[in-house]
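I'd like to ask you about the structure that follows.
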Amino acid sequence: MIIRKPINLELTQLSGQTSQPPWINVGDSFREVLMVNEKPVLFDVKQSGDYLDFNFTGDISKKEAIHSLNYIYDLDFDLNKFYNYLSNQAELEEMSEFCKGLRLFLANDPFECIISSICSANNSIKRWTKSIRDMKEKWGNNYFDYYYTFPDKSIIQDIYEDDNEELLFGDKPCGNNLKSCGVGYRAPYIKKASHIFTLEMDLSEISKMDYEEAFETILKVPGVGPKVADCILLYGFNFKEAFPSDVWIKRIVSHLYFDGKDINVSKVRDFGMDEFGDYAGYVQLYLFHYARMSGLMSKLK
DNA sequence: CGTCAGGTAAAAA
DNA sequence: TTTTTACCTGAC
């Protein structure tokens with residue numbers, strides 16, 4: 001079945017957005033199990049011309065499946081209107097050429113996005129995605145033979161941090177702890193964050209807040225600074241006005257808008273939100289991949 | 001083998 | 001308030 005809205009699936013899947021790791025690549029498809037209305041559904045998506053071709057297995061209607069995919073791949077976002085916006089600005093006009101069809105890859109499970117985003121801090125895409133995959137396979141639920149959901153917050157909060165803790169308090173051999181997933185010093189942040197979202201902070205409340213309140217709220221979580229908070233709000237909760245600013249976005253923005261002058265990351269965030277408004281999230285996504293694919297990134301390094 | 005990258009938290013200025 | 005430093009791990 002085809003959804004007639006343009007997307008570049010592979011680019012979107014492999015763009016390192018911290019909603020989740022890429023889905024499992026099988027032949028020319030990407031597959032993953034998602035919980036939809038509390039039922040496990042195996043999705044299979046692939047590129048068909050400019051569009052998304054999909055199949056699914058699970059106890060939901062076709063309408064519900066399309067609704068999920070529309071959200072996750074942000075298919076109702078008007079790319080052509082966005083490209084028109086980009087083409088009207090000297091600094092941005094080249095970007096759509098390099099990333100045509102790139103869309104937000106939004107979280108089906110906001111908690112997975114929170115942990116992914118915490119893991120992504122001071123880390124490489126390759127390493128944090130492997131950590132999340134490891135956590136799914138160790139403690140998530142297994143469906144359709146090879147697929148795993150991300151474990152619930154109430155599970156993660158009780159996982160041992162490292163080998164020492166496991167040896168001291170556990171009754172199982174080593175390897176069943178957070179650090180064994182390669183998360184390094186983020187292990188205590190992950191545990192504390194899981195605890196907070198299990199007992200103190202309601203995820204559904206975050207989506208009801210306005211952007212500023214949600215940002216301040218989520219900043220209180222250990223391991224969540226401004227960059228991670230903006231990733232969580234953008235990829236986990238679809239706050240498109242977020243402009244996650246890291247060292248690369250700083251370099252690119254500084255090159256395009258400030259004549260290469262060194263400016264601090266928090267100024268870059270203010271600039272991006274002010275300059276791009278509701279397009280901030282998309283501009284951030286496109287800036288990063290434009291720089292990556294145009295060769296600008298190696299030039300700035 | 002050493003060096004480096006990359007956000008956050010905590011210490012220091 | 002702003003700036004500096006330590007933190008795990010994998011890539012090189």
Side-chain angles (χ1 to χ4, degrees), chain A residues 14-22 112-138 156 159-167 174-197 200-201 214-236 239 242-255 258 261-273 280-281 284-285 287-289 291-292 295-301:
Chain A
L14 304 181
S15 53
Q17 301 178 53
T18 65
S19 49
Q20 61 207 293
E112 178 177 12
C113 174
I114 289 168
I115 303 303
S116 295
S117 302
I118 289 173
C119 287
S120 75
N122 199 21
N123 209 341
S124 68
I125 294 170
K126 195 176 172 183
R127 191 147 68 87
W128 76 255
T129 56
K130 184 180 187 306
S131 294
I132 297 300
R133 285 245 145 259
D134 286 354
M135 293 168 79
K136 291 172 82 155
E137 288 177 25
K138 280 180 198 279
I156 302 282
I159 302 292
Y160 297 117
E161 277 180 27
D162 54 22
D163 287 347
N164 283 339
E165 220 179 271
E166 202 183 345
L167 280 169
C174 293
N176 203 46
N177 58 70
L178 290 171
K179 269 204 174 180
S180 71
C181 300
V183 301
Y185 56 81
R186 304 162 193 84
Y189 303 155
I190 293 167
K191 266 194 89 150
K192 285 175 196 155
S194 304
H195 184 77
I196 286 172
F197 285 107
E200 295 164 30
M201 221 182 259
F215 183 79
E216 294 304 326
T217 303
I218 214 136
L219 259 192
K220 298 189 179 104
V221 176
V224 178
K227 157 72 186 337
V228 168
D230 276 332
C231 284
I232 291 170
L233 293 181
L234 179 59
Y235 304 124
F239 282 94
F243 190 72
S245 302
D246 60 13
V247 52
W248 280 109
I249 292 300
K250 175 182 106 160
R251 286 169 186 156
I252 298 159
V253 165
S254 149
H255 170 76
F258 296 94
K261 192 162 67 84
D262 191 41
I263 34 179
N264 69 45
V265 175
S266 96
K267 285 262 162 54
V268 170
R269 175 172 176 269
D270 292 343
F271 168 81
M273 298 206 341
Q284 190 269 2
L285 183 62
L287 280 174
F288 187 79
H289 287 278
R292 223 182 180 185
L296 177 60
M297 206 167 250
S298 32
K299 211 175 96 183
L300 292 178
K301 204 160 161 59

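In what follows, every chain begins at residue 1, and chains take the letters A, B, ... in the order their sequences are listed. The analysis underlying the following values was restricted to heavy atoms, covering all of them including side chains, and did not include hydrogens, waters or symmetry mates. It should be emphasised that the depicted structure is a prediction, and the values quoted were computed from it without experimental measurement.
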Legend entry - Pair A/Gln17, A/Ser19: side-chain N/O donor-acceptor within cut-off below 3.5 Å: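 No, no side-chain donor-acceptor pair sits under 3.5 Å.
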Inset, instruction - Kindly determine whether A/Arg269 and A/Asp230 satisfy salt bridge (charged side-chain N to carboxylate O under 4.0 Å, His left out), including the steps that lead there. - result: CA-CA 10 Å; A/Arg269 175 172 176 269; A/Asp230 276 332; 2.8 Å; yes
Legend entry - From A/Glu161 atom CD to A/Arg186 atom CZ, the distance as rounded to the nearest 0.5 Å: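 Reported value, rounded in 0.5 Å steps: 13.5 Å.
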Inset, instruction - Considering only heavy atoms of chain A and a distance under 4.0 Å, specify the first and last nucleotide of DNA chain C in 5' to 3' order that meet this criterion. - result: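 Listing 5' to 3', DNA chain C meets chain A from C/dC7 to C/dA11.
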Legend entry - Nearest non-hydrogen partners of A/Leu285 and A/Tyr235, listed with the distance: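 The pair with the smallest heavy-atom distance is CD1-OH, 4.2 Å.
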Inset, instruction - Can you sort out the partners of A/Phe258 under ring pair (Phe, Tyr, Trp, His ring centres under 6.0 Å), two or more places apart, ordered by chain and number? - result: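 A/Phe258 satisfies ring pair (Phe, Tyr, Trp, His ring centres under 6.0 Å) with A/Phe271 only.
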Legend entry - Sugar-phosphate, base or nothing in reach of A/Arg269, heavy atoms under 4.0 Å: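 Counting heavy atoms under 4.0 Å across all strands, no contact is made by A/Arg269.
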Legend entry - Summary of protein contacts for nucleotides 7-13 of chain B, nucleotide by nucleotide, where a base hit scores B, a sugar-phosphate-only hit scores S (4.0 Å, heavy atoms): BSS----
Legend entry - Heavy-atom closest pair, residues A/Pro244 and A/Ile249: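 In terms of heavy atoms, the two residues are closest at O-CG1, 3.8 Å.
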Legend entry - Matching residue for A/Met297 among A/Arg251, A/Arg292, A/His289 - test: side-chain contact (heavy atoms from CB on, under 4.5 Å): A/Arg292
Inset, instruction - Work out which heavy atom in A/Ile232 is nearest to a heavy atom in A/Cys113; give both atom names and the distance. - result: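 Minimum heavy-atom contact is CA-SG, 4.0 Å.
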